[in-house]
Structure formats: C-alpha cells, structure tokens
Amino acid sequence: EASGTTVKKDGKMTVDCSNMTEGYIMVKGKQSSKRLKVQIATSGAKLNYDLNGDSEYEVFPLQFGSGKYQVSLFENASGKKYSKEGTVKLSVKMPDELSCFLYPNQYVNYDENTGCVVYANELCDGMTDQGDIFKAVCSYITSNFVYDFIKSVTVKAGQLPEIDSCWENRMGICQDLSAMTCAMLRSQGVPARLMIGTVGANTYHAWVVAVVNGEEKFFDPTAELNASSKTETYTTERYY
C-alpha cells in the first residue's frame, strides 16, 4: 500500500492516487457485508462499479483522460437504496491519455503470470511493430477459441469478465473473449479498450478497440467466431 499524500481517505473509502499519471487509481472500502459501489465521475460522464467488501484494493481506470474527477463510495442501505459513505476529489494530469489502456483493471484483470499473458510473450517474441502484434493476437484468438453459447444464457447480470477460465477452457462469452484480447495486447504494449454496449437490436455486447500505431483498430472476437453478425450496428455505452 502506498502512503503519505498519495493516499486520500474520506468516510469509509480509501483511494490510492499514486498511479494517476499512468491512468488508474486503487480504491478500497472498510470491510462490509453490504453491497458496495464506487462511482467515478467527471463533468461529462460517470461510471458505477461494484467494489469488494473485503477492504482490499481494486484497480479502476481513469478512462476519461486528464481533468477533475470525483470518486464516491456508496453502501447498500436497503433494497435498491444506497448511502454515500465517502467522496474524494482528484485532479488528474496524464502525459499520455492512452496509458490507462496499458494496465490491468477490474474489468481487464491480469498479471504477468496470467496464462494468456505468458503465451502472448511467446507469440509476440521479437515483434516490435504494433500492427504485427495486433494481427498475431487477433489471429490466434480467432483460430483457437470458440464462443460459449451455454454461458451466454446462464451468465448473471453484473458478472465481470473471466480471463483465466476463458483461456483454460478455450471458450468464453463476448466480454471474456474481449477482456482476454485486451490483456494480451496490453501486455505487449498495445493500448486496447474493452468496449461494452449493444449490437443490433439492443443485444448486450463487448468488443475491442485497440490503438495500433496511432490508429484505432476494431476487433470483435464474437463476430470472428461466427457467434454474432459483423454487419450489425455497434453502440458504445462505456469502456474500460
């Protein structure tokens, strides 16, 4: 845990700000058996996240770039009602606003020992061009994975992507496949956004937008695996 001025506390929330210039913060609440949520807001947008009740840090991206942020902790009071249990204001300056898409976070959760990252190091060994890395990772996923149709109808609302099980089982739903792609690309220095929104007639969906040599590149592993149509309209709600 960081100490000193890099840590801000208010009420039941602690925010570690030591990595703000890289594009992410770490947040924890006091131990609680009640459901917790973190809201990260700027003047133009806000996102709500679930937070563990174990008083352990989780990583959240500052994907809105440089500017003023307000981070708030909410605790379930009763039913659908939440009480605010802490607020911290941050002033964020990032030298590179793509940097937050190069690190793990709550939705794209991995480390150097994660299976897909270990393999990405082998797959991309010796590659220096982001275009080559992007093609290699996307081609590998398209050729070696399948879409998990059973999980797609049993998955619970609010469930986070599962990178490890996707890698081990060689299958996953849209958010698993997309988060795994992002983990592989990020580990090789290619900024990659996990996009979440809808496709076609309001079907919940996740896909990838990477920034390759300064140019945005779209990759939808679900469509590549013939589990959705590439011609559908994509509507972005949020990204991580």
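The analysis underlying the following values was restricted to heavy atoms, covering all of them including side chains, and did not include hydrogens, waters or symmetry mates.
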Closest non-hydrogen atoms of Cys124 and Val137, given as atom of the first, atom of the second and distance, are SG-CG2, 4.1 Å
Determine whether Glu85 and Lys37 satisfy the following criterion, salt bridge (charged side-chain N to carboxylate O under 4.0 Å, His left out), listing intermediate values before the conclusion. CA-CA 10 Å; Glu85 299 293 343; Lys37 287 187 178 292; over 6 Å; no
Give, for atom NZ of Lys8 and atom CE of Met13, the distance between the pair rounded to the nearest 0.5 Å. 10.5 Å
Can the ring centroids of Tyr240 and Tyr107 be said to lie less than 6.0 angstrom from one another? yes
Side-chain contact, heavy-atom cut-off 4.5 Å: Thr142 with Pro221? no
Does the pair Phe74 and Leu51 meet the rule for a side-chain contact (heavy atoms from CB on, under 4.5 Å), with working shown? CA-CA 9 Å; Phe74 293 87; Leu51 183 70; over 6 Å; no
Heavy-atom pair of closest approach, residues Cys116 and Ile163: SG-CG2, 3.8 Å
Less than 4.5 Å apart, side chain to side chain, heavy atoms only: is that true for Met94 and Leu62? yes
Thr21 side chain near Pro95 side chain, heavy-atom distance below 4.5 Å: yes
List the steps and the verdict of side-chain contact (heavy atoms from CB on, under 4.5 Å) for Lys217 and Val212. CA-CA 7 Å; Lys217 295 284 188 181; Val212 180; 3.6 Å; yes
Heavy-atom distance under 4.5 Å between the side chains of Arg193 and Leu98, does that happen here? yes
Has Thr222 got a side-chain atom pairing as donor or acceptor with Ala227's backbone, closer than 3.5 angstrom? no
How long is the span from the CE atom in Met171 to the CG atom in Leu225, to the nearest 0.5 Å? 10.5 Å
Closer than 3.5 angstrom, by distance alone: can the side chain of Gln63 be matched with the main-chain N or O of Tyr239 as a donor-acceptor pair? yes
Would you call the rings of Phe145 and Tyr140 parallel, tilted or perpendicular, taking 30° and 60° as the class edges? perpendicular
Do Asn121 and Gln188 have side-chain N/O donor and acceptor atoms under 3.5 Å apart? yes
Mind checking whether Val108 and Pro104 have side chains closer than 4.5 Å, heavy atoms only? no
Would you say Val71 ends up clustered with Phe60 if hydrophobic residues are merged whenever their side chains have heavy atoms under 4.5 Å apart, either directly or through other cluster members? yes
Sub-3.5 Å donor-acceptor pair from the side chain of Ser178 to the main-chain atoms of Gln175, do we have one? no
NZ/NE/NH1/NH2 to OD/OE distance under 4.0 Å, Lys12 and Glu75: yes
Could you check whether any side-chain N or O of Tyr69 sits under 3.5 Å from a backbone N or O of Phe64, counting only pairs where one atom can act as donor and the other as acceptor? yes
Return the minimal non-hydrogen interatomic distance between Gly172 and Leu177, and the atom names on each side. O-CD1, 3.4 Å
Hey, any chance Phe101 and Tyr110 share a hydrophobic cluster, counting ILVMFWY side chains that come within less than 4.5 Å of each other, even indirectly? no
Of all heavy-atom pairs linking Gly53 and Leu36, the shortest is CA-CD1, 4.0 Å
Can you check whether Ala136's main-chain N or O pairs, donor with acceptor, with Ser139's side chain at less than 3.5 Å? no
Taken to the nearest 0.5 Å, the spacing of Leu185 CG from Met180 CE works out to 10.5 Å
Measure the acute angle between the ring planes of Trp207 and Phe218, then classify it against the limits of 30° and 60° as parallel, tilted or perpendicular. tilted
Parallel, tilted or perpendicular: which one describes the rings of Phe219 and Phe134, with boundaries at 30° and 60°? perpendicular
Establish, from distance only, whether the side-chain atoms of Thr198 and Glu237 form a donor-acceptor pair under 3.5 Å. no
Out of curiosity, does Tyr103 fall in the hydrophobic cluster containing Ile25 (side-chain heavy atoms, cut-off under 4.5 Å, transitive links)? no
List the atom of Cys100, the atom of Pro61, and the distance in Å for their closest heavy-atom pair. CB-CB, 4.5 Å
Begin with the C-alpha distance, continue with both residues' side-chain angles, and end with the deciding distance and a verdict on side-chain contact (heavy atoms from CB on, under 4.5 Å) for Arg186 and Val117. CA-CA 9 Å; Arg186 291 179 186 191; Val117 170; over 6 Å; no
Quick one: pull up CG in Leu160 and CG in Asp50 and give me the separation to the nearest 0.5 Å. 7.0 Å
Testing the basics here: between Leu194 and Ala206, what is the closest heavy-atom pair and its distance to 0.1 Å? CD1-CB, 4.3 Å
Can Ile173 be reached from Val199 by stepping across I, L, V, M, F, W or Y side chains whose heavy atoms are under 4.5 Å apart? no
Reported NZ-to-CD distance for the pair Lys89 and Gln70, which is rounded to 0.5 angstrom: 5.5 Å
Audit row: Tyr147, Asn226, side-chain hydrogen bond (donor to acceptor under 3.5 Å, both in side chains) steps and yes/no: CA-CA 8 Å; Tyr147 185 78; Asn226 300 312; over 6 Å; no
Starting from the C-alpha separation in whole Å, work towards a yes-or-no answer on side-chain contact (heavy atoms from CB on, under 4.5 Å) for Val7 and Val15. CA-CA 6 Å; Val7 171; Val15 180; over 6 Å; no
Any side-chain to backbone donor/acceptor pair from Gln130 onto Gly189? Under 3.5 Å, distance only. yes
Starting at OG1 of Thr87, measure out to CD of Gln39 and round the result to the nearest 0.5 Å. 8.5 Å
Looking at Glu58 and Asn52, would you say the former's side chain and the latter's main chain have a donor-acceptor pair under 3.5 Å? yes
Can you confirm whether Leu90 sits close enough to Val88 that some side-chain heavy atom of one is under 4.5 Å from a side-chain heavy atom of the other? yes
Side chain of Asp176, backbone of Ala179: donor and acceptor closer than 3.5 Å? no
Kindly check if the number of other-residue, nucleotide or ligand heavy atoms within 6.0 Å of NZ (Lys151) is above 12? yes
Sidechain-backbone polar pair: Asp111 side chain, Thr114 backbone, donor-acceptor under 3.5 Å: yes
Shared hydrophobic cluster for Ile40 and Tyr57 (ILVMFWY, side-chain gaps under 4.5 Å): no
Tell me if a side-chain donor or acceptor on Ser99 pairs with a main-chain N or O of Glu22 at a distance below 3.5 Å. yes
